[in-house]
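Take a look at the structure below.
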Amino acid sequence: MLIAGAGPINGPVQASVFGWLPVFLWCVIGGIFFGGLQDFGSMFASVRHGGKSLGEVIADTMGSKAKKLFLIFALLVLILVIASFVNVVAGTFASENTGFTTNPTGNETTAMVSVIFIILAIVYGIFTNRVGVKTAPATVVGVILIALTLVFALNFGLALSRTTWIILIGAYIVVASLVPVWILLQPRDYLSSYLLYAMMLVALFGIIFSAFAGTAEFQLPAFTGWSTSVGTLFPALFITVACGACSGFHSLIATGTTSKQLDNESHLKPIGYGSMLIESALAIIALIAVGMVFDKYTAGDFGSPAVAFSSGIATMFGAETTTVYGVVYALLTLAVSVFALTSLDTGTRLSRFMFSELFL
């Protein structure tokens, strides 16, 4: 199970206004020496305390007052995280049309695939956890169905306004945070991991292909200045990149859900430290992607960082009018929206847990 969601994409894209060099250095140094150690350490502490949340670990080691102060702070931060990701997901789904559409836009395709993906995850969870279907054959069928869903959504999309999507996403995360983990959270995160690896492979191929074929130009300068539209380099760079290098949200996820799903303590290192390294690699890919469309990004042509990321990678394969651009764009936008939804329902679930812990 991966620790976080779309943070390694959104953060580096937003921080790219400082230039590629400071973002690249922070992703590498932060991921190896800070983020990986933090994620591994917090997960280790939770496991050694019987899988308890970070708040309960603090209560055991520092007392009840420290626990309550931490929970209040964490709840306030989670409210901001949830609000941010609701806006990101709504931005990748929103359309000027209404209803089911043919010849859909990228956002309408992403919306359709994401809705069907949630249904597939629920079916997968039921078959593997209650019917008794083995993981391997269920995974093969699940991945095939995701591919077929993408093909379907390229021809039939779902169009709703941004406000409507915000309401629907809000209702979804409330329900997702209440149902047992095996019904939705765990199977969807498992299936979405294949989307992550597919997305990274497509992105790496695009980077190599564009480097030799010259299909896209890297527009991002090495350094733009100490002060930009998002603030001064310190502390804005380090709190904007966040999940791509070091994020406190990871500690909440690691101790809130991940530690409870480990089969063996030896899995701590590859899941805790290893996942952070994958996120840092993804953050660097996101930085390269926005560099391909940086002029459009600074001009405000994209509704969200996720759209800029998808457009940047798709641009490496060809012009916007080509079919391959549309397919790559839809696949990457789907992957980003799925991870943003992961952050949303996991964050909402953790908020529910921590709110109840305030009164224990």
Side-chain angles (χ1 to χ4, degrees), residues 5-6 9-10 13 85-123 142-169 172 188 191-203 205-206 286 289-290 292-293 296-297 301-344:
I9 295 173
N10 294 326
V13 171
F85 279 114
V86 166
N87 185 57
V88 168
V89 176
T92 60
F93 288 177
S95 172
E96 296 179 356
N97 302 314
T98 302
F100 296 100
T101 61
T102 55
N103 298 319
T105 64
N107 284 20
E108 293 164 0
T109 292
T110 303
M112 176 64 81
V113 177
S114 299
V115 170
I116 298 177
F117 186 85
I118 293 172
I119 299 173
L120 288 178
I122 294 173
V123 174
V143 172
I144 293 174
L145 289 176
I146 292 173
L148 292 176
T149 299
L150 180 60
V151 173
F152 172 80
L154 287 170
N155 297 282
F156 301 96
L158 178 59
L160 295 171
S161 68
R162 190 188 193 100
T163 301
T164 303
W165 277 120
I166 289 175
I167 296 172
L168 292 176
I169 293 168
Y172 161 76
R188 201 205 47 222
L191 290 176
S192 65
S193 66
Y194 289 93
L195 278 176
L196 169 66
Y197 300 134
M199 177 179 69
M200 293 185 70
L201 288 174
V202 169
F205 179 81
V290 72
M292 299 298 183
V293 291
K296 289 185 177 180
Y297 176 68
D301 289 357
F302 304 113
S304 68
V307 176
F309 167 79
S310 302
S311 180
I313 298 297
T315 300
M316 300 176 189
F317 290 87
E320 293 185 21
T321 55
T322 60
T323 301
V324 67
Y325 177 97
V327 173
V328 173
Y329 178 89
L331 173 63
L332 296 179
T333 309
L334 164 65
V336 175
S337 65
V338 166
F339 293 125
L341 285 172
T342 296
S343 299
L344 278 172

Report task. Locate the shortest heavy-atom distance separating Met199 from Leu332; write the atom from each residue and the value. Result -> CG-CD2, 3.1 Å
Query raised in the report: Does Thr164 offer a backbone N or O that forms a donor-acceptor pair with the side chain of Ser161 under 3.5 Å?
Result: yes
**Report entry** Heavy-atom closest pair, residues Arg162 and Asn87
**Finding:** NH2-OD1, 2.8 Å
Report task. State whether the side chain of Asn107 and the backbone N or O of Ala94 hold a donor-acceptor pair below 3.5 Å, judged by distance alone. Result -> yes
Query raised in the report: Under 3.5 Å, side chain of Thr101 to main-chain N/O of Asn97, donor-acceptor pair present?
Result: no
Report task. Using the side-chain hydrogen bond (donor to acceptor under 3.5 Å, both in side chains) rule, collect all pairs that involve residues 110-122, keeping only residues at least two apart or in two chains. Result -> Ser114-Ser337
**Report entry** Pairing residues for Asn155 by the side-chain hydrogen bond (donor to acceptor under 3.5 Å, both in side chains) criterion, not counting sequence neighbours
**Finding:** none
Query raised in the report: With sequence neighbours excluded, what pairs up with Thr333 under the side-chain hydrogen bond (donor to acceptor under 3.5 Å, both in side chains) test?
Result: Ser310
Report task. Using the side-chain contact (heavy atoms from CB on, under 4.5 Å) rule, take Leu341 and Tyr172 through it: C-alpha gap first, then chi angles, then the decisive distance, then the call. Result -> CA-CA 9 Å; Leu341 285 172; Tyr172 161 76; 4.0 Å; yes
Report summary line: Residues at least two apart in sequence or cross-chain that pass ring pair (Phe, Tyr, Trp, His ring centres under 6.0 Å) with Phe93, listed by chain then number, are Trp165
Query raised in the report: Taking only residues at least two apart or on different chains, which pairs with a member in residues 101-115 satisfy salt bridge (charged side-chain N to carboxylate O under 4.0 Å, His left out)?
Result: none
Report summary line: Minimal heavy-atom distance between Ala90 and Ile169, with the atoms involved, is N-CD1, 3.8 Å
Report task. For Met112 and Thr109, run side-chain contact (heavy atoms from CB on, under 4.5 Å): C-alpha distance rounded to whole Å, both residues' side-chain angles, the deciding distance at 0.1 Å, then the answer. Result -> CA-CA 5 Å; Met112 176 64 81; Thr109 292; 5.9 Å; no
Requested in this report: Measure across Ser95 and Ala159 and return the closest heavy-atom pair with its distance rounded to 0.1 Å.
Outcome: OG-CB, 3.7 Å
Query - Listed partners of Thr98 passing side-chain hydrogen bond (donor to acceptor under 3.5 Å, both in side chains), at least two apart - result: none
Query - Residues in side-chain hydrogen bond (donor to acceptor under 3.5 Å, both in side chains) contact with Thr149, at least two apart in sequence or another chain - result: none
Report summary line: OG1 (Thr163) and CG (Leu168) are apart, to the nearest 0.5 Å, by 11.0 Å
Report task. Determine which pairs satisfy ring pair (Phe, Tyr, Trp, His ring centres under 6.0 Å) with at least one residue from residues 144-164, sequence neighbours left out, and list them in order. Result -> Phe152-Phe156
Query raised in the report: Rounded to the nearest 0.5 Å, what separation is found between the CG atom of Leu191 and the CD1 atom of Ile118?
Result: 12.5 Å
Query raised in the report: Should Val338 and Phe117 count as side-chain neighbours, where that means a heavy-atom distance under 4.5 Å?
Result: yes
Requested in this report: Would you list the pairs meeting salt bridge (charged side-chain N to carboxylate O under 4.0 Å, His left out) in which at least one residue belongs to residues 307-331, sequence neighbours left out?
Outcome: Lys296-Glu320
Report task. Check ring pair (Phe, Tyr, Trp, His ring centres under 6.0 Å) between Phe100 and all other residues, then give those that pass, not counting sequence neighbours. Result -> none
Query raised in the report: Which atom names give the shortest non-hydrogen contact between Ala306 and Asn10, and what distance separates them?
Result: N-OD1, 3.6 Å
Query raised in the report: Between OG1 of Thr323 and CZ of Phe317, what distance do you get to the nearest 0.5 Å?
Result: 14.0 Å
Query raised in the report: Taking atom OG1 of Thr342 and atom CG of Leu196, what is their separation to the nearest 0.5 Å?
Result: 10.5 Å
Report all side-chain donor-acceptor pairs from residues 324-331 shorter than 3.5 Å, counting only partners two or more places apart or in another chain.
from	atom 1	to	atom 2	distance (Å)
Tyr325	OH	Ser311	OG	3.0

Query - Contact list for residues 323-335, test salt bridge (charged side-chain N to carboxylate O under 4.0 Å, His left out), sequence neighbours left out - result: none
Query - Where Val13 and Ala308 come nearest, the two heavy atoms and their spacing - result: CG1-CB, 4.2 Å
